Amino acid sequence: MTSPFEKRIRRHVIGKSHRFFAVTAPGLEPLCRGELESLGITGAAVEGGVEFSGRLQAAYLANLCLRTANRILLRVHEFRATNFRALAQEAAAVPWELFIAPGAPLRIHVTTHHCRLHHSDAIAERVQNAITERLSAFSVAHAQLPQQIFIRGADDRFTASLDSSGENLYRRGIKTHAGEAPLRETLAAAALMLAGYSGEEVLLDPMCGAGTFALEAALMATHVPPGGRRDFAFMAWPGFRPAHWDFLKRTAAAQAIRLSTPRIMASDSDPDACRALEECVGRHGLADAVSVSCRDFFDIDPRDLTDRPGLIALNPPYGRRLGTRAQHAMLLRNVFQVLQEKYRGWKAVLIAPHTGGKIDAPFPAHVQPFFHGGLTVNVILGAIPSDG
């Protein structure tokens, strides 16, 4: 027999359409909207992400498949408050028990802009107290996953959102090894998309480091969803239905393909980095897509690897990995020279620090700045003319 609480879950959570927000790094909003549209979900790109609506399965699917989003938020409540009493009343009126399991550790994140209530710690304390008191009437069945609530205030209007992702979505559950100043998977995926990578062409990652470009390209080439190897915060929600989630995963897995020969060639001059990446590729069943070798970028002749031009993706060392700005500028010039001499007819995508100066590529190139890990970096997209 279905309990009254379960009926509330079905009516107000499972059977209802909700508003969601896919959080992205600035500049990635259009790419994320395009990804949602490819999943059959209509979204509106706004500053910092993409708004969309749907039932819970839409959030499951977004977490499973989006390559450029940082996290997926469920909009729970919107209200106006100019004093702490009103804030506490609004927070207490939300049926948190429908969304958060009793006993779940809570993390409250607060940002405000032009609000009379602007003390983030005090706001977080009121919200946490309201949630804890509301959930105290329900028994704790077992230990729960941490749950994050995001409170955003602007002009005295507040939005309370529940995080459905847990760990940031760039954590794919694949790359457990790390390199120096690793490239985040979300930016690597975005750079590949901007370069027009389809997964069909050859891709070289000859300064692979931890292999982020190669691994993201492998998932794209084999049609494997980026979230298929990890857990999410929504799996601890009272309204979570494992059967729905399993169906989405099985459907996505049915789209995966295996390649007859690797299309992605990763290499680095660091033997330890190559060994770690090769172990990772083998452990996650991606050896059909990625081959790993230890060699220096400046010694590679692409004609020894492939008989047709493709895409070369580069994340040259910069910052503390290299030294001064002048040293990095010299390295970039040398990289450009090699590309012009050896990679005629190829497309190229490079990651470089944003210094405000002009990028003097010897071939047609477009520079797109992005915010990445606290820094602004340039994604340089180019096409190297072929002979004749």
Side-chain angles (χ1 to χ4, degrees), residues 24-32 34 67-68 170 179-198 201-214 216-217 265-269 296-302 309-387:
T24 71
L28 300 190
E29 300 94 341
L31 289 174
C32 185
R67 303 182 190 278
T68 57
Y170 72 78
E180 286 189 85
L183 178 65
R184 284 188 178 174
E185 286 75 357
T186 43
L187 181 60
L192 292 174
M193 291 178 189
L194 289 171
Y197 180 68
S198 68
E201 58 267 62
V202 170
L203 182 136
L204 299 190
D205 181 9
M207 291 183 177
C208 65
T212 308
F213 267 135
E216 284 299 297
M265 287 157 252
S267 57
D268 201 279
S269 59
D296 190 287
F297 162 71
F298 293 100
D299 297 331
I300 294 174
D301 187 334
L311 173 66
I312 180 168
L314 289 157
N315 181 28
Y318 56 87
R320 284 179 293 181
R321 290 188 294 163
L322 185 63
T324 66
R325 182 178 296 183
Q327 287 174 309
H328 179 267
M330 180 177 294
L331 173 63
L332 200 58
R333 284 194 297 270
N334 292 338
V335 168
F336 282 148
Q337 182 178 352
V338 169
L339 292 177
Q340 187 178 31
E341 291 175 355
K342 296 183 178 181
Y343 292 84
R344 296 182 182 273
W346 285 67
K347 293 188 295 183
V349 57
L350 295 88
I351 307 295
H354 180 75
T355 61
K358 183 181 178 182
I359 303 292
D360 289 319
F363 47 81
H366 169 72
V367 180
Q368 178 72 53
F370 288 106
F371 191 70
H372 176 257
L375 300 172
T376 300
V377 298
N378 286 329
V379 174
I380 305 170
L381 304 156
I384 302 125
S386 57
D387 288 327

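Hydrogens, waters and symmetry mates are skipped; everything else that's a heavy atom, side chains included, is used. Remember, predicted model here, so these are calculated numbers, not experimental data.
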Taking side chain to side chain donor-acceptor pair (under 3.5 Å) as the test, write out the residues that go with [X], two or more places apart.
X	value
Arg344	Asp387
Asp299	none
Thr68	Glu35

Any side-chain heavy-atom pair of [X] and [Y] under 4.5 Å:
X	Y	value
Val349	Ile380	no
Pro364	Pro385	yes
Leu375	Pro353	no

Of all heavy-atom pairs between [X] and [Y], which one has the smallest distance, and what is that distance?
X	Y	value
Val338	Tyr343	O-CD1, 3.8 Å
Ala195	Lys347	O-NZ, 3.0 Å
Ala348	Leu311	N-CD1, 3.9 Å
Leu381	Ala191	CD2-O, 4.0 Å
Pro316	Leu331	CB-CD2, 4.0 Å
Leu31	Ala190	CD1-CB, 3.7 Å

Nearest 0.5 Å please: distance from the [atom1] atom of [X] over to the [atom2] atom of [Y].
X	Y	atom1	atom2	result
Met330	Leu332	CE	CG	12.0 Å
Thr24	Glu29	OG1	CD	4.0 Å
Leu339	Leu350	CG	CG	6.0 Å
Leu187	Ile351	CG	CD1	4.5 Å

Any residue meeting ring pair (Phe, Tyr, Trp, His ring centres under 6.0 Å) with Phe370, in chain and number order, not counting sequence neighbours: none

Ring pair (Phe, Tyr, Trp, His ring centres under 6.0 Å) against Phe363, all qualifying residues, sequence neighbours excluded: Phe336

Would you mind writing out the side-chain donor-acceptor pairs for residues 202-213 within the sub-3.5 Å range, not counting sequence neighbours?
{"from": "Asp205", "atom 1": "OD2", "to": "Ala214", "atom 2": "N", "distance (Å)": "3.2"}
{"from": "Thr212", "atom 1": "OG1", "to": "Lys175", "atom 2": "NZ", "distance (Å)": "2.6"}
{"from": "Thr212", "atom 1": "OG1", "to": "Leu183", "atom 2": "O", "distance (Å)": "3.1"}

Inter- and intrachain pairs under salt bridge (Lys or Arg N to Asp or Glu O under 4.0 Å), touching residues 333-342, at least two apart: none

Contacts of type side chain to side chain contact (heavy atoms under 4.5 Å, CB included), residue Asp301, not counting sequence neighbours: Arg303, Asp304

Contacts of type side chain to side chain contact (heavy atoms under 4.5 Å, CB included), residue Ser198, not counting sequence neighbours: Glu200, Glu201

